[in-house]
Amino acid sequence: MKSIADLEKIRQKTLSAVNLRRESEGTRIVVGMATCGIAAGARPVMNAFIDEIGKRNMLNVVVAQTGCIGMCRYEPIVEVTLPGQEKVTYVHVKPEMVARIVSEHVVNGNPVVEYTIGAAEK
Amino acid sequence: MNELSLYILDLVQNSISAGAKLVEIRIVVSRGEDRITVLIQDDGCGMTPEFLKRAVSPFTTTRTTRKVGLGIPMIKELCELCQGSFEIESQVGVGTALHLSFRLSNIDLPPMGNLVETMLTLVNGAPEKPEFLLEYAVDGDSFEFDTRQIRQALGGVPLDTPEVLIWMRDYLQEGIEAAGKLP
């Protein structure tokens, strides 16, 4: 059973790492979370990213949210930006696709081309 | 949208956009009365009486990029479809409260769905402000989730730290199941 008291342990363990996280420029994963994104299934996608990043304990990755990106037909949309690189836009993202995006793109730096907007528009 | 918890996620985003410091989400289920009530209350910027009148129209939005906003009209339609009621109170500078109710046994009522994911998405999306208070009660058994309490226990560790989010997921899951999970 989880209790608030567990947080003290987490605090001691992560405080130093968190300070490090603030200083370093990290990767940003942004999920569209407006009405259109939510209706298209963005919430489980968002949570799959939280899970995957949590499992790997990647403190240099921020999973953030944004409103409507303006391409509702492509939702759920996820934008991944690695430090110093151009933004990559993934469209029609499903939770099953998340592990691959994290391992191939976020960890190893190779975008999953077949999931990107460029591939979808062809 | 096919889960009540998705509508809640969508509506609370409005409170965040309104600059709220505290958002209260109170879900009370009474099987005896065959009713679910949901209150979403914030202390955000509020709406003028004129804007409030138009808020239920799908052609009202604060966005400047397009002319439609479907969050409020969709929930109003769902409340009415499910033999419930829909009310908004709002005052500029004070905040907004949405009072929703549904008949629990209504065939058109979507399942509650994954309320844990809804809360995690909210906290992760706005880890600094606002604070969230979730009250979830089923026939008198209730569970409370309060980010103020969690933030205090964490000292300076942000709420969107991966390990904290994973802890929150389990904490929410256990609390909601103990109070009585809905389908």
Side-chain angles (χ1 to χ4, degrees), chain A residues 1-22 26 29-72 76 95 102, chain B residues 1-3 5-11 13-14 16-17 61 63 65-66 68-75 113-114 116-127 145-146 149-175 178:
Chain A
M1 200 71 192
K2 300 281 169 194
S3 78
I4 297 287
D6 305 334
L7 296 172
E8 177 56 25
K9 258 181 251 146
I10 297 180
R11 190 183 71 82
Q12 287 170 2
K13 212 168 94 190
T14 50
L15 195 56
S16 54
V18 162
N19 289 331
L20 210 68
R21 181 192 194 192
R22 283 201 188 104
I29 300 171
V30 179
V31 183
M33 197 60 69
T35 307
C36 52
I38 295 171
R43 192 192 63 187
V45 169
M46 171 86 220
N47 278 267
F49 275 108
I50 292 177
D51 233 44
E52 199 62 31
I53 302 302
K55 255 189 259 167
R56 293 166 178 267
N57 201 20
M58 300 172 80
L59 286 164
N60 61 336
V61 178
V62 172
V63 183
Q65 293 166 35
T66 186
C68 182
I69 295 165
M71 303 184 288
C72 307
V102 171
Chain B
M1 291 191 215
N2 49 14
E3 295 178 18
S5 57
L6 287 174
Y7 286 89
I8 294 173
L9 171 60
D10 189 29
L11 294 167
Q13 306 274 20
N14 291 338
I16 299 172
S17 309
T61 179
R63 283 185 297 207
T65 45
R66 68 203 63 108
V68 293
L70 298 180
I72 298 275
M74 285 202 305
I75 191 70
N114 200 330
V116 175
E117 274 196 0
T118 282
M119 291 311 297
L120 279 186
T121 305
L122 288 170
V123 173
N124 181 70
F145 171 85
D146 188 340
Q149 192 190 10
I150 293 168
R151 195 182 305 276
Q152 196 188 3
L154 279 171
V157 175
L159 296 187
D160 61 345
T161 308
E163 204 169 331
V164 174
L165 290 169
I166 301 287
W167 175 88
M168 268 190 242
R169 186 187 59 194
D170 297 342
Y171 181 71
L172 282 160
Q173 192 88 52
E174 288 173 1

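Note on naming: letters A, B, ... go to the chains in the order of the sequence lines (proteins, then strands), and numbering restarts at 1 for each one. Keep in mind that the numbers below use all heavy atoms, side chains included, and drop hydrogens, waters and symmetry copies.
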With chain A, which of Gly175(B), Gly155(B), Ala153(B) has the greatest number of heavy-atom pairs at distances under 4.5 Å? Ala153(B)
Specify which of Met1(B), Glu174(B), Arg169(B) makes the most heavy-atom pairs with chain A at under 4.5 Å. Glu174(B)
Under 3.5 Å, is there a donor-acceptor pair between the side chain of Glu163(B) and the main chain of Thr14(A)? no
d(Ile4(A) CD1, Asp146(B) CG) to nearest 0.5 Å is 8.5 Å
So, taking the atom named NZ in Lys55(A) and the one named CD1 in Ile166(B), what distance separates them when rounded to the nearest 0.5 Å? 8.5 Å
Heaviest contributor of heavy-atom pairs below 4.5 Å to chain B, chosen from Lys13(A), Met33(A), Gln65(A), is Gln65(A)
Residue set satisfying side-chain hydrogen bond (donor to acceptor under 3.5 Å, both in side chains) with Asn124(B), at least two apart, ordered chain then number -> none
Distance-minimising heavy-atom pair for Lys2(A) and Tyr171(B): O-CD1, 3.7 Å
So which heavy atom on Pro162(B) is nearest to which on Leu59(A), and how close? CD-CD2, 3.9 Å
Can you tell which part of Ser3(A) gets under 4.5 Å to a heavy atom of chain B, answering side chain, backbone, both or neither? backbone
Atom pairs and distances, donor-acceptor, side-chain atoms in residues 40-50 of chain A, under 3.5 Å, two or more places apart:
residue  : atom : partner   : partner atom : Å
Arg43(A) : NE   : Glu117(B) : OE1          : 3.1
Arg43(A) : NH1  : Glu3(B)   : OE1          : 3.4
Arg43(A) : NH1  : Ser5(B)   : OG           : 2.9
Arg43(A) : NH1  : Asn114(B) : O            : 3.0
Arg43(A) : NH1  : Thr118(B) : OG1          : 2.8
Arg43(A) : NH2  : Glu3(B)   : OE1          : 2.5
Arg43(A) : NH2  : Glu3(B)   : OE2          : 3.4
Asn47(A) : ND2  : Arg43(A)  : O            : 3.0
Asn47(A) : ND2  : Thr121(B) : OG1          : 2.9

Is the count of non-hydrogen atoms from other residues, nucleotides or ligands lying under 6.0 Å from Gln152(B) atom CD greater than 12? no
Taking the side chain as every heavy atom from C-beta outward, state whether Leu154(B) and Leu15(A) have any atom pair closer than 4.5 Å. no
